[in-house]
There are 2 protein chains.
Amino acid sequence: MPLYRVVKRALLGAIEGGTYSPGSSLPSESELAGAFGVSIGTLRKAVDELSAEHLLVRRQGRGTFVASHSADRFLFQFFHVERADGLREVPSVELVSFERVRADEEVASALRLRAGDAVFQIDNRLLLQRRAVIYDRLTVSAALFKGLNEKRLRERSGTIYQMYQTEFGISVVRALERARATAVDRQIARVLGLPLGQAVMQVRRTALSFGDRPVEYRCSTINTAQHDYVNRLSKPNLGAA
Amino acid sequence: MPLYRVVKRALLGAIEGGTYSPGSSLPSESELAGAFGVSIGTLRKAVDELSAEHLLVRRQGRGTFVASHSADRFLFQFFHVERADGLREVPSVELVSFERVRADEEVASALRLRAGDAVFQIDNRLLLQRRAVIYDRLTVSAALFKGLNEKRLRERSGTIYQMYQTEFGISVVRALERARATAVDRQIARVLGLPLGQAVMQVRRTALSFGDRPVEYRCSTINTAQHDYVNRLSKPNLGAA
DNA sequence: CCCAATTTGTTCGTATGTATA
DNA sequence: TTATACATACGAACAAATTGG
């Protein structure tokens, strides 16, 4: 393994282990290079990759920071719904229900648990422009999120992923999504104000932390009458003309 | 603009202009650096970005090549449907119809044409494991693809994007996709063997060439009974343990 | 099978530019 | 203004992969 990857792993371990906490700044590149006993170019290459993976954020003149879950990051990295005309907006979230239940096969498989293990099941309604557009069912391991309850969930400030991070030390770093179309069932039709049987999109997301450890399974039901699910592919990096 | 971006633009222009054609190799890094009068590190940074954007492919010991549209590239960069169990497969394509028609508002807007401009409208049926799963309607400008006809389309070897590239000198470099759920209409229901009104996914893709120039508008209708639309997000680059 | 030439990949170190506080 | 941090640019040396003899 090349040296810069060794350094990258070490940095990753330090971030994961809490040596550098979300939002805080790392030592300067020259300090880090010195500490690892590598050249500054090698250190930079390690940071380059972590930065491309959204784990670090670099700011010229200021420093390098551990990425934290701002509303902006949520919008651009994890929220894939926008209005048909392209308007992007942070959704407002309404908690519908909070329950402690047993994992079924699907959830257990996604979260690498055993069927029957205790999980928290959180149902949310997401509003865009004051209209209910998405119904989310989040499932997380009760063992991993020990002490989570409805009160803490309601009283959080910021996004759910921000709460995972600040209150449980769990950082969601990326997600896998699989989408399909289906006819809406009665419960969700009611919550989203749709006729029964309307075609809706269902997006199943597994949110991963360091080392691809699954920490949340989410099934989103989207009313795509006025909105689209957007797949943001790699954008070239050309700079201004 | 930093020097490496100047070099990048120059390389991009040379690729776009056909100085280096798809599949062919570029001069070695040291030659290019010499030709541009920059250091090898600066040249490498330009190539790094073009490589990250899938416009160039580097192979240690062999050289740097202009990306071409292989079946593999199609599968990983542009084909987002896989079986629910994760099986990925290059679809087999059956031409359903080829017509020369007038662009409607939607197509014209996507392709930056005027409504009423001549376009080719190509309907394809895509099979996975011998079952029809996707119905594609491709629209391209007749002016841009001058001389395209059903015969040439049928007799192509390889993917459609490969044909765009080799026969028309048009390289699709990235794509934007917006998905929604809808009830299947009669025509497509018949072609995909679905009951009328079944919920299906509809994916509208605008395929872009250099400089974000739109070259194809594609509306895919997907039967998601056994398959999912997958959003491949950034994967970390950790190498083996 | 091995060797030599070629090409990209990695690592080093230094100097200078640019943004921020 | 000054100090600090990241960004860019240079050049050199060696490693690793590939190819052809």
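Treat the numbers as computed from the prediction; the structure is a model and nothing was measured.
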Peer 1: Would you please test A:Ile15 and A:Phe210 for side chain to side chain contact (heavy atoms under 4.5 Å, CB included) and show each step?
Peer 2: CA-CA 9 Å; A:Ile15 296 165; A:Phe210 300 103; 3.8 Å; yes

Peer 1: How many whole angstroms separate atom OH of B:Tyr4 from atom P of D:dC10?
Peer 2: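 The answer, rounded to whole Å, is 13 Å.
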
Peer 1: For D:dT8 and B:Lys45 - does any side-chain N or O of the residue sit under 4.0 Å from the phosphate oxygens OP1/OP2?
Peer 2: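 Checking B:Lys45 against D:dT8: at least one side-chain N or O falls below 4.0 Å of OP1 or OP2.
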
Peer 1: Would you confirm whether the ring centroid of B:Phe145 sits within less than 6.0 angstrom of the ring centroid of B:Phe120?
Peer 2: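 Here the rings of B:Phe145 and B:Phe120 have centres that are no less than 6.0 Å from each other.
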
Peer 1: Looking at B:Thr42, I'd like to know whether one of its side-chain N or O atoms comes within less than 4.0 Å of OP1 or OP2 on D:dC10.
Peer 2: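 Yes.
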
Peer 1: Within 45° of the axis and under 6.0 Å from the centre of the six-membered ring of A:Phe76, does NZ or CZ of A:Arg88 qualify?
Peer 2: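 Positive - A:Arg88 is close enough to the ring of A:Phe76 and near enough to its axis.
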
Peer 1: Have a look at A:Gly41 and say if it touches a base, only the backbone sugar-phosphate, or nothing, with a 4.0 Å heavy-atom cut-off.
Peer 2: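 No contact.
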
Peer 1: Base, backbone or nothing for each nucleotide of nucleotides 13-21 of chain D, written B, S, -, heavy atoms under 4.0 angstrom, 5' to 3'?
Peer 2: ---BBBS--

Peer 1: Any idea which of C:dC12, D:dT8, C:dT8 is nearest the A:Val38 side chain?
Peer 2: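 Nucleotide nearest to A:Val38's side chain: C:dC12.
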
Peer 1: With heavy atoms under 4.0 Å as the rule, sort A:Ser30 into base, sugar-phosphate or nothing.
Peer 2: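 Here A:Ser30 touches no strand at all.
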
Peer 1: Starting at CG of A:Leu43 and ending at C1' of D:dA5, how long is that distance when rounded to a whole Å?
Peer 2: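 Rounded to whole Å, this separation is 13 Å.
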
Peer 1: Given atom CZ of A:Arg44 and atom P of C:dT10, what is their separation to the nearest angstrom?
Peer 2: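 In whole Å, C:dT10 P lies 16 Å from A:Arg44 CZ.
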
Peer 1: May I ask you to evaluate whether B:Thr64 reaches the phosphate of C:dT8, defined as a side-chain N or O under 4.0 Å from OP1 or OP2?
Peer 2: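 Checking B:Thr64 against C:dT8: at least one side-chain N or O falls below 4.0 Å of OP1 or OP2.
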
Peer 1: Is there a salt bridge (charged side-chain N to carboxylate O under 4.0 Å, His left out) between A:Glu16 and A:Arg9 once you walk through the steps?
Peer 2: CA-CA 10 Å; A:Glu16 185 175 354; A:Arg9 288 276 177 108; over 6 Å; no

Peer 1: Which nucleotide sits closest to the side chain of B:Ser39: D:dT8, D:dG11, C:dT8?
Peer 2: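 Minimum distance to the B:Ser39 side chain belongs to D:dG11.
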
Peer 1: Using the six-membered ring wherever Trp is involved, compare the ring planes of B:Phe78 and B:Tyr161 and label them parallel, tilted or perpendicular (cut-offs 30° and 60°).
Peer 2: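 Correct class here is perpendicular.
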
Peer 1: What integer distance in Å separates B:Asp48:CG from D:dA9:C1'?
Peer 2: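 Rounded to the whole Å, the gap is 14 Å.
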
Peer 1: Would you tell me whether A:Glu177 and B:Tyr229 have side-chain atoms, one donor and one acceptor, within less than 3.5 Å of each other?
Peer 2: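 No - no donor-acceptor pair under 3.5 Å links their side chains.
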
Peer 1: Is the terminal nitrogen or CZ of B:Arg59 (NZ for Lys, CZ for Arg) located under 6.0 angstrom from the six-membered ring centre of B:Phe65 and within 45° of that ring's axis?
Peer 2: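 Yes, a cation-pi geometry.
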
Peer 1: Grab the CZ-P distance between B:Phe65 and C:dT7 for me, whole Å please.
Peer 2: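 That distance rounds to 11 Å.
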
Peer 1: Which nucleotide in the list C:dT8, D:dA7, D:dC10 gets nearest to the side chain of A:Arg58?
Peer 2: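 Closest nucleotide among those given: D:dA7.
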
